[in-house]
Amino acid sequence: MAAEVVPAAGQTASSADVTRIVRTGIERVRSASSLHMVKTAESDDGSPTVMDLRMVTGKGNRTSLREGDFAIEEIVIGADLFSRRGYGPWERYAVDPEHPSMSSGEVAAIPTFAQSLYEQAAHPEALTIVEPVKIDGVRCFGVQSGTLIAYFTPGDGGYLRRWTQRTPITHLTTDITELDTPIDLKPPTVR
């Protein structure tokens with residue numbers, strides 16, 4: 001049964017359907033050869049912080065972080081770290097396990113991506129089905145656990161597409177916009 005046929009909020013869905021959609025959607029992200037993820041943190045009193053990550057399993061990642069006028073970019077390819085602030089020159093460093101790059105935790109976490117939600121899916125009665133939303137024109141199935149809301153694209157190839165979480169001071173949104181698409185990780189020209 002595809003995610004799109006799961007009932008909307010206020011209706012019932014079988015526990016097996018909810019478990020399958022959530023777990024299959026998370027496993028699809030975990031097994032991707034590459035992914036593009038955009039994380040946005042918004043607060044009431046400042047400009048949003050946006051981290052754009054493009055990751056290739058076993059090869060490296062390309063990350064940019066922007067907040068207001070501040071910007072930094074990193075490219076990690078194997079043991080090489082290339083970094084620049086704003087539009088300044090690229091600099092090359094060796095990856096230092098003691099001082100990881102800004103996105104190294106994201107890459108390392110892919111095999112256990114969304115573990116708490118994955119575990120909660122074993123007890124779908126703890127998840128609340130929320131109204132579906134359209135993301136880039138696609139109707140996505142949603143579940144909520146506490147302040148976390150996760151949305152999944154429909155069908156057998158469906159995946160965890162977005163999750164949001166509100167804290168007392170910040171609204172966090174993470175979108176996975178692409179899976180298994182080519183990502184350019186060529187080293188930049190270093191000064």
According to salt bridge (charged side-chain N to carboxylate O under 4.0 Å, His left out), who are the partners of [X], at least two apart in sequence or on a separate chain?
| X | value |
| --- | --- |
| Asp175 | Arg161, Arg162 |
| Asp80 | Arg92 |
| Lys39 | Glu106 |
| Arg30 | none |

*By the rule that ILVMFWY residues connect when side-chain heavy atoms come within less than 4.5 angstrom, directly or transitively, which residues belong alongside Val50?*
Val38
*Could you list who else is in Ile169's hydrophobic cluster, with ILVMFWY side chains joined at under 4.5 Å, directly or through other members?*
none
*Which residues satisfy the side chain to side chain donor-acceptor pair (under 3.5 Å) test with Ser31, sequence neighbours excluded?*
none
*Excluding sequence neighbours, so at least two apart, what forms side chain to side chain donor-acceptor pair (under 3.5 Å) with Arg85?*
none
_With Phe113 via ring pair (Phe, Tyr, Trp, His ring centres under 6.0 Å) - residues at least two apart_ = Trp163
*Can you list every pair that meets ring-ring contact (aromatic ring centres under 6.0 Å, His included) and has a residue in residues 49-95, with sequence neighbours left out?*
none
Contacts under 3.5 angstrom, residues 142-150 side chains, donor-acceptor by atom type, not counting sequence neighbours:
from   : atom 1 : to     : atom 2 : distance (Å)
Gln144 : NE2    : Gly146 : O      : 2.8
Ser145 : OG     : Gln120 : OE1    : 2.7
Ser145 : OG     : Gln120 : NE2    : 3.4
Thr147 : OG1    : Gln165 : NE2    : 3.1

_Please check: side-chain N/O of Arg62 versus main-chain N/O of Ile75, any donor-acceptor pairing under 3.5 Å?_
no
*Looking only at atom types and distance, does a side-chain atom of Thr19 sit under 3.5 Å from a main-chain N or O of Ala122, one as donor and one as acceptor?*
no
*May I ask you to say whether Asp180 pairs ionically with Arg28, meaning some side-chain N is under 4.0 Å from a carboxylate O?*
yes
_Pairs involving residues 69-78, ordered by first then second residue, that meet side chain to side chain donor-acceptor pair (under 3.5 Å) (sequence neighbours left out)_ = Glu73-Arg84
